J.: 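Right, I'll just put the structure down here and ask away after.
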Amino acid sequence: MVKNLVIVESPAKAKTIEKFLGSEFLVRSSFGHVRDLTKKGLGVDIEGGFKPLYEISAEKAKIVSDLKRAAKEAETVWLASDEDREGEAIAWHLKEALSLKEDKIRRIVFHEITKNAILESVKNPRNIDVNLVNAQQARRVLDRLVGFEISPILWKKIKPALSAGRVQSVAVRLIVERENEIKNFMTVSFFRVVGVFEISNTFGTNTFQAELNIRFKTEEEAKTFLEKCISVTYSIASIDKKPAKKSPAPPFTTSTLQQEAGRKLGLSVEKTMQIAQQLYESGKITYMRTDSLNLSDMALGVAKKEIGKLFGPEYVKIRKYRTSTKGAQEAHEAIRPTYIENQDIDGDATQKKLYDLIWKRTIASQMSDAVLEKTDIVIDISSFVKEKFIASGEVIKFDGFLKVYIESTDDESLNGNSGTLPPMVVGEQPSLEEMQATQKYSQQPYRYAEASLVRKLEELGIGRPSTYAPTISTIQKRGYVVKQNKEGVSRSYKNFILKKGKIKEETKTEKTGYEKNKLFPTDIGTIVNDFLVQHFVNILDYNFTASVEKEFDEIAQGEKDWNEMIKEFYASFHPQVEKTLKTSERASGERLLGIDPASKKNVYVKLGRYGPMIQIGDTESEEKPKFAGLNKGQSIDTITLNEALTLFDLPRIAGKYENENITVGIGRFGPYIKLNNTFYSLGLKDDPYTVSEQRAIEVIEEKRKKDKEMAENKSKYPLKIGEYEGKEVLIAIGKYGAYLKHGIDNIPLGRSVKADSIDLQKAIESILSQKEKNTKKVIREFPGEERIKVLNGKYGPYISNGKENFKIPKGKNPGTLTFEDCSEIINKGTSSPAKKKPVRNKKST
DNA sequence: CAGTGAGCGAGCTTCCGCTTGACTT
């Protein structure tokens with residue numbers, strides 16, 4: 001029996017801490033929150049003074065009952081969840097859910113996972129901070145009220161299954177408004193003048209570039225300036241050298257990691273978090289969901305030693321960073337390598353790359369400033385007063401942290417004036433080699449990428465490190481925004497070149513506006529946003545979160561009653577809900593495109609129940625209107641009358657085959673051909689509007705041939721091809737392509753492998769190579785009991801009976817477990833719950 | 001699961017933050 005039970009939030013943390021605390025302590029994990037508001041209904045008893053109605057969800061039931069059992073056996077339960085609002089609430093929920101008596105619990109917190117910090121925290125337990133818990137309850141209830149009262153309005157007024165919330169709706173708003181800015185952006189062009197000069201002096205002959213301090217608005221002005229420059233001289237008016245320095249960026253938080261992984265490695269926010277989680281779980285980095293810039297003293301010490309060793313002591317500068325982020329709760333450290341002395345790690349390519357990024361950023365954050373020397377040279381032009389050429393140069397005198405890491409920017413056009421300038425003296429007269437006046441265009445605002453949206457949300461204090469990635473995926477799942485590329489367009493620009501006293505004029509073209517993986521609002525996103533801004537501008541306000549956070553802080557300080565706060569909020573919010581339900585129009589984004597020349601009826605574009613559509617004729621008229629859905633890539637905002645009318649060309653009859661009509665159309669799954677009620681998908685190569693009868697027949701025949709093959713496969717496979725090690729070897733075809741069956745083992749062959757290309761020889765090769773892969777995984781097998789194995793998992797060894805997995809109890813050596821030991825462990829039944837398969841989305845029929 | 005789109009309407013959808021082993025057919 002163990003006297004002490006310690007409960008932390010994450011299993012990986014539990015594993016680490018257990019080592020520090022010794023055998024008197026059993027460390028378990030709660031896997032985050034254990035209770036939440038009821039899934040059904042509002043989950044808040046409004047009449048009963050906004051009392052939250054909590055439940056333990058099905059997936060947490062097992063965790064709670066296990067913890068309950070462990071708590072019963074322990075003398076003292078140490079609640080060691082994070083030291084922030086959510087962590088405090090987790091501790092309180094644990095106390096409630098496990099029915100723990102006040103005198104049995106101790107609340108402890110530690111700021112870093114080191115032996116000292118943990119032992120120290122155990123010496124200084126405190127009570128659960130009720131005020132902090134209440135602040136969390138207020139946060140939770142407010143989010144539920146906002147989300148569950150506004151979303152149903154959208155179902156009624158726009159489309160079913162839509163959603164609104166304090167965080168996601170603001171995220172969508174940012175994207176919609178940015179799109180509007182881009183739409184309303186007026187591009188202006190100007191002429192930038194750059195000269196290439198040659199200077200000959202005691203240091204030799206050198207060339208350098210300088211830019212005119214004035215930009216011309218029109219072609220004429222630019223040309224006139226160049227003409228006047230045919231007969232001028234240039235002289236160095238001043239040389240200004242000044243020292244400058246650059247400092248490293250602070251260590252990574254969740255948000256900055258997502259940004260840099262996006263910019264430098266091209267990873268999506270979700271992918272970044274997945275890889276970071278893997279690194280965390282294998283003990284290579286500290287916790288990846290954090291808003292803290294803090295590094296532990298231990299980490300700083302190791303960083304200092306490493307930098308000194310790798311680059312020399314002059315490169316070391318230990319720094320403490322402080323966060324300026326609104327609402328940061330800093331329960332953890334910044335993201336850093338667990339062992340900073342490990343410059344690289346074992347793992348796959350992406351894991352290595354992400355680790356390298358984290359290592360460099362961490363190391364650089366503790367390195368010296370880079371010392372630069374900036375030079376500005378002003379060149380006078382004879383017969384001009386205001387117009388001057390400026391040459392700028394930048395020389396690195398001491399590289400400091402730049403040796404390791406340079407932070408990227410979203411705006412790559414900020415490539416400043418780097419490089420050296422040749423030596424020269426005031427009064428010297430450089431000669432002009434060439435001067436170019438080039439037409440440039442003002443840059444429209446950038447669309448958000450996933451990571452830059454996260455940065456903006458963080459700036460506004462909206463959302464938390466644990467929710468950035470899920471929020472981004474929610475607004476895409478709801479169809480409010482899409483991540484896509486935008487093709488660049490060609491545009492022409494003028495260029496005037498002055499060389500050897502003559503002016504040449506040329507018109508060139510450039511590609512512009514190409515964007516990759518940016519977030520674009522959809523029609524639904526725009527309509528929902530406009531609706532919400534119109535009716536709930538207070539919730540959609542960029543400062544709404546900040547202002548309620550202030551109130552949560554007051555609750556946490558014990559200066560405000562949380563029920564009072566929610567009551568006040570609801571008193572103004574709920575009438576808004578009622579009013580909107582009663583008075584608002586159905587929002588469909590309807591637009592009149594014009595008149596259909598054939599029927600002389602009105603043509604509208606609007607959002608229907610199944611997405612954007614065109615409607616010919618009015619719903620009020622006697623004759624039923626005609627409808628057609630928009631194609632991919634078209635939008636309510638931009639579709640023209642002509643484009644709309646061609647949508648009615650489908651479905652069309654493309655010809656005849658086997659005495660039946662061939663119909664061509666575009667359906668839910670893209671373009672198709674239909675013959676006799678059977679569908680044949682059209683690939684990207686074929687255009688449904690023009691596809692010929694001949695081609696359609698081809699497609700039908702191809703599909704029939706494939707189907708026939710499939711049917712043959714079904715009767716042919718699984719096919720026995722021989723025996724190996726006394727067990728049958730079969731080839732089978734499954735969901736994931738061809739695979740081998742060898743006894744009870746399944747060996748996947750990969751999608752590209754054709755089943756009929758496998759003979760016994762090849763099959764045995766595959767079986768052997770699979771075995772080799774598995775030897776790393778399988779620790780023990782038992783003859784005659786093929787289903788029961790001891791395996792190496794990500795989180796250590798476990799026993800599998802083919803269906804369920806079982807943890808190996810502490811103190812048992814997985815390498816020497818007997819079959820009887822395994823059976824006993826299995827029979828005790830402390831299996832981890834079977835992983836639930838993701839529920840497929842219900843069809844919207 | 002591919003001709004839908006108003007209307008009748010049961011019952012469903014939805015929030016934000018914590019955390020999240022392996023075992024395929």
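The sequence lines fix the lettering, A, B, ..., with proteins before strands; numbering per chain opens at 1. Just so you know, these numbers come straight off a predicted model, no measurement behind them.
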J.: How are the rings of A:Y672 and A:F679 set relative to one another: parallel (under 30°), tilted (30 to 60°) or perpendicular (over 60°)?
T.: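 Ring orientation, 0 to 90° scale: perpendicular.
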J.: Just how far, in rounded Å, is C1' of B:dT19 from OH of A:Y280?
T.: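 Whole-Å distance recorded here is 10 Å.
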J.: Measure from the side-chain N and O atoms of A:K157 to the backbone N and O of A:L581, and report whether any donor-acceptor pair falls under 3.5 Å.
T.: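 It does hold such a pair.
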J.: Wobble G-U and Watson-Crick pairs count when both distances are under 3.5 Å; given that, what is the 5' to 3' dot-bracket string of DNA chain B, with | for pairing to other strands?
T.: .........................
J.: Report which part of the nucleic acid A:S163 touches: base, sugar-phosphate, or nothing (heavy-atom distance under 4.0 Å, all strands).
T.: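 Contact class for A:S163: sugar-phosphate only.
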J.: Looking at B:dA2, B:dC15, B:dT13, which one has an atom nearest to any side-chain atom of A:W155?
T.: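 Nucleotide nearest to A:W155's side chain: B:dT13.
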J.: Identify which one of A:D686, A:L682, A:T678 satisfies the side-chain contact (heavy atoms from CB on, under 4.5 Å) criterion when paired with A:I673.
T.: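 Per the side-chain contact (heavy atoms from CB on, under 4.5 Å) rule, the option paired with A:I673 is A:L682, out of A:D686, A:L682, A:T678.
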J.: Regarding A:G43, tell me which of base, sugar-phosphate or nothing describes its non-hydrogen contacts under 4.0 Å with the strands shown.
T.: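 No contact.
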J.: Base, sugar-phosphate alone, or nothing: which one does A:P651 contact when heavy atoms must sit under 4.0 Å apart?
T.: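 The residue A:P651 makes no contact with any strand.
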J.: Detail all sub-3.5 Å separations between protein N/O atoms and N/O atoms belonging to nucleotides 6-9 of chain B.
T.:
none

J.: Are any of A:T467's side-chain N or O atoms less than 4.0 Å away from OP1 or OP2 of B:dC16?
T.: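 Looking at the OP1 and OP2 atoms of B:dC16, neither is under 4.0 Å from any side-chain N or O of A:T467.
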J.: For the side chain of A:R464 and the base of B:dC16, is some donor closer than 3.5 Å to an acceptor across the two?
T.: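 Per atom types, no contact qualifies.
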J.: Examine B:dC18: is either OP1 or OP2 under 4.0 Å from a nitrogen or oxygen in the side chain of A:R85? Give yes or no.
T.: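 No, A:R85 has no side-chain N/O under 4.0 Å of OP1/OP2 on B:dC18.
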J.: Can a side chain N or O of A:S10 be found less than 4.0 Å away from OP1 or OP2 on B:dT19?
T.: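 False: A:S10 side-chain N/O out of range (4.0 Å or more) of B:dT19 OP1/OP2.
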J.: Should the side chain of A:R289 and the base of B:dC18 be counted as holding a donor-acceptor pair, with the cut-off at 3.5 Å?
T.: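 Counting by modelled atom types and ignoring angles, no donor-acceptor contact under 3.5 Å is found here.
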J.: If the P atom of B:dC16 is compared with that of B:dC12, how far apart are they to the nearest Å?
T.: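 Each nucleotide's P atom is 22 Å from the other's.
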J.: May I ask you to evaluate whether A:S466 reaches the phosphate of B:dC18, defined as a side-chain N or O under 4.0 Å from OP1 or OP2?
T.: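 Affirmative; the distance criterion is met.
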J.: Ring-on-base stacking between A:F148 and B:dT14, under 5.5 Å between centres and under 30° between planes: is it there?
T.: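 Per 5.5 Å and 30° rule: yes, stacked.
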J.: Determine the contact category for A:V146: base if any of its heavy atoms lies under 4.0 Å from a base atom, sugar-phosphate if only primed atoms, P, OP1 or OP2 are that close, otherwise nothing.
T.: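 Nothing, no nucleic acid heavy atom in range.
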J.: Tell me the interatomic distance from A:I7, atom CD1, to B:dT19, atom P, rounded to whole angstroms.
T.: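 Whole-Å distance recorded here is 16 Å.
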J.: If the cut-off is 4.0 Å, is A:Q615 near the phosphate of B:dG5, judged by side-chain N/O to OP1 or OP2?
T.: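 Answer no for this pair, as no side-chain N or O of A:Q615 is under 4.0 Å from OP1 or OP2.
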J.: Which part of the nucleic acid does A:P470 contact within heavy-atom distance under 4.0 Å: base, sugar-phosphate only, or nothing?
T.: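 No contact.
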